[in-house]
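As structure tokens, the structure follows; a few thoughts come after it.
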Amino acid sequence: MSRTLSFDIIIIGSGPAGCAAAVTCVKAGLSVLIVTDKVENVDLQHSSPGILESIHPGVSSLLTKIGIGGAEIVATRAKYTGIFANQSYRPLGEDNSGPWMGMHIHRETFDHALLNLAQEHGVTVRFNEKVENILLEKDRVVGIKTSSAELFCKYMIDASGKNAVAGQKLNFRRKYFSPLFVCWTGISECVQEIPFDATAAHFIPNKNGWTWLALQLPDHCAWTRLSVKGEKNLEPPGELKNCKTVGKVQTANMRWRLYRPVCKEGVVLCGDAAGILDPAAGQGIFNALWSGVEAGQTVVSCLHHPELEAFHLARYDDWFLRQFEIKVKQLKEYYQENGIQF
């Protein structure tokens, strides 16, 4: 066991929420440590084709505002101008510069670029670390125990995504907003010409779920399917039945769920570590960045004004809950519009 280390802020997780929170805290003059189970040196030069995630052009503006802009550019594998859904096309929008362009990004490359930018801002990172326990003192979170060290902090931010480290280890209660949804994602290689418009993303609903197609030219297509009945079907979509599946198909439980509360003395949860919605919401990375910034600002306020800590925590908890419930309402309406029943 190494000697004890202490920071103002410890952040679990190095994805968009964690990096946004880290940079927000560093800019406020705090010392920040990110703890991640990722390895330090990853060769992503030959990572394409790979699992893609689609982002709205508004993500670029938010990244620039936070101070970690450019990560989306290096991770982009294709662009799209709109979405085909239920036989109708909806453009993303336009301004004086022309049509807005969404991006299909390689997620691992994106996260790696974000973390590099966070380090350039002065964030310390401990790689290849697994959180074994959360340290408490008089019921207040004061640090974490990893496989190699005890690390202490004034505040912890959990941005560990679906691993939900703090919520699980602190036995927070979960509130559910949907039945079990199963999601599976893969890559198909199309030897023949791809049989649909490559300039758009495609959302294909049916009564039992939906399919999302993200083209990766010249000859690959990333796809995501979701079953609202909880069925584990790892088959690619019918639109790609004549194409070969490349690599491993990934599965996930996408039941809509939220921890209650999403903060307590010494810890704030953000991103998927606080609440999860399925990818049909279309704003996963945007919401992760936004909640990371809000989490960072909350802990900064708690440390600068400890006498108002209860107020700042209550405000963040209320904000996250309200935003989550708004998105649940919007998703239910979207599902209803597209004939998806659950």
Side-chain angles (χ1 to χ4, degrees), residues 9-25 32 34-37 53 55 59 62 66 107 111 114 118 131 134 136 139-141 144 153 155-178 180-181 183 252-302 309-331:
I9 310 294
I10 290 177
I11 297 173
I12 305 174
S14 57
C19 289
V23 172
T24 300
C25 292
V32 179
I34 286 179
V35 175
T36 177
D37 57 5
E53 191 160 338
I55 59 173
V59 170
L62 182 54
I66 296 169
R107 183 57 188 271
D111 287 358
L114 283 182
V131 177
I134 292 178
L136 299 172
D139 202 38
R140 182 186 184 91
V141 172
I144 60 174
C153 60
Y155 246 95
M156 186 181 80
I157 297 175
D158 183 13
S160 60
K162 295 180 181 66
N163 291 331
V165 172
Q168 291 195 45
K169 292 188 178 298
L170 294 172
N171 296 315
F172 282 10
R173 178 177 62 89
R174 256 182 171 157
K175 183 176 180 180
Y176 296 96
F177 295 79
S178 77
L180 175 63
F181 290 171
C183 190
N253 169 13
M254 298 307 300
R255 186 178 188 183
W256 306 347
R257 54 199 189 269
L258 172 70
Y259 274 115
R260 301 299 305 128
V262 293
C263 53
K264 64 168 287 184
E265 290 80 0
V267 61
V268 173
L269 283 58
C270 64
D272 282 354
I276 292 176
L277 293 169
D278 74 61
Q283 299 180 351
I285 288 179
F286 183 89
N287 291 331
L289 292 167
W290 189 14
S291 70
V293 171
E294 289 288 334
Q297 291 175 342
T298 297
V299 299
V300 169
S301 296
C302 287
E309 179 182 41
F311 166 78
H312 292 302
L313 292 179
R315 176 198 163 277
Y316 177 81
D317 186 64
D318 179 66
W319 172 82
F320 199 101
L321 175 62
R322 284 188 290 106
Q323 293 301 319
F324 193 88
E325 290 179 333
I326 288 170
K327 295 179 182 70
V328 165
K329 182 175 182 292
Q330 292 171 341
L331 259 181

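Fair warning: this is a prediction, and the values are worked out from it, not measured in the lab.
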Check [X] against [Y] and note the closest heavy-atom contact, atom names and distance.
X      : Y      : result
Glu309 : Gly266 : OE2-N, 4.2 Å
Tyr259 : Leu269 : CD1-CD2, 3.9 Å
Ile34  : Ala22  : CD1-CB, 3.8 Å
Pro16  : Leu114 : CA-CD1, 3.7 Å
Ile285 : Arg107 : CG1-NH1, 4.1 Å
Val23  : Ile66  : CG1-O, 3.6 Å

Worksheet entry | Pairs meeting criterion side-chain hydrogen bond (donor to acceptor under 3.5 Å, both in side chains) with involvement of residues 9-19, two or more places apart | Ser14-Thr36
Discussion item. Filter on side-chain hydrogen bond (donor to acceptor under 3.5 Å, both in side chains), then keep only pairs touching residues 261-278, sequence neighbours left out; what's left?
Written reply: Asp139-Lys264, Trp256-Asp278, Asp278-Tyr335
Straight-line distance of [X] [atom1] to [Y] [atom2], nearest 0.5 Å:
X      : Y      : atom1 : atom2 : result
Asn287 : Glu294 : CG    : CD    : 11.5 Å
Ser291 : Tyr316 : OG    : OH    : 5.0 Å
Trp290 : Leu62  : CH2   : CG    : 9.5 Å
Leu277 : Gln283 : CG    : CD    : 10.0 Å
Cys263 : Phe320 : SG    : CZ    : 10.5 Å
Ile9   : Cys25  : CD1   : SG    : 4.5 Å

Fill in: Criterion side-chain contact (heavy atoms from CB on, under 4.5 Å) on Leu170 and Leu136, from CA distance to verdict
CA-CA 10 Å; Leu170 294 172; Leu136 299 172; 4.0 Å; yes
Min side-chain heavy-atom separation [X]-[Y] under 4.5 Å:
X      : Y      : result
Arg174 : Leu258 : no
Ile11  : Met156 : no
Ile144 : Val165 : no
Asn253 : Phe181 : no

Worksheet item: Between the side chain of Arg255 and the main-chain N/O of Ser178, is any donor-acceptor distance below 3.5 Å?
Response: yes
Discussion item. Can a donor-acceptor pair be found, under 3.5 Å and without considering hydrogens, that links the side chain of Asp158 to the backbone of Ser160?
Written reply: yes
Worksheet entry | From Val300, Val267, Val268, residue fulfilling side chain to side chain contact (heavy atoms under 4.5 Å, CB included) relative to Tyr155 | Val268
Worksheet item: Asp317 pairs by side-chain hydrogen bond (donor to acceptor under 3.5 Å, both in side chains) with which of His312, Arg322, Arg260?
Response: Arg260
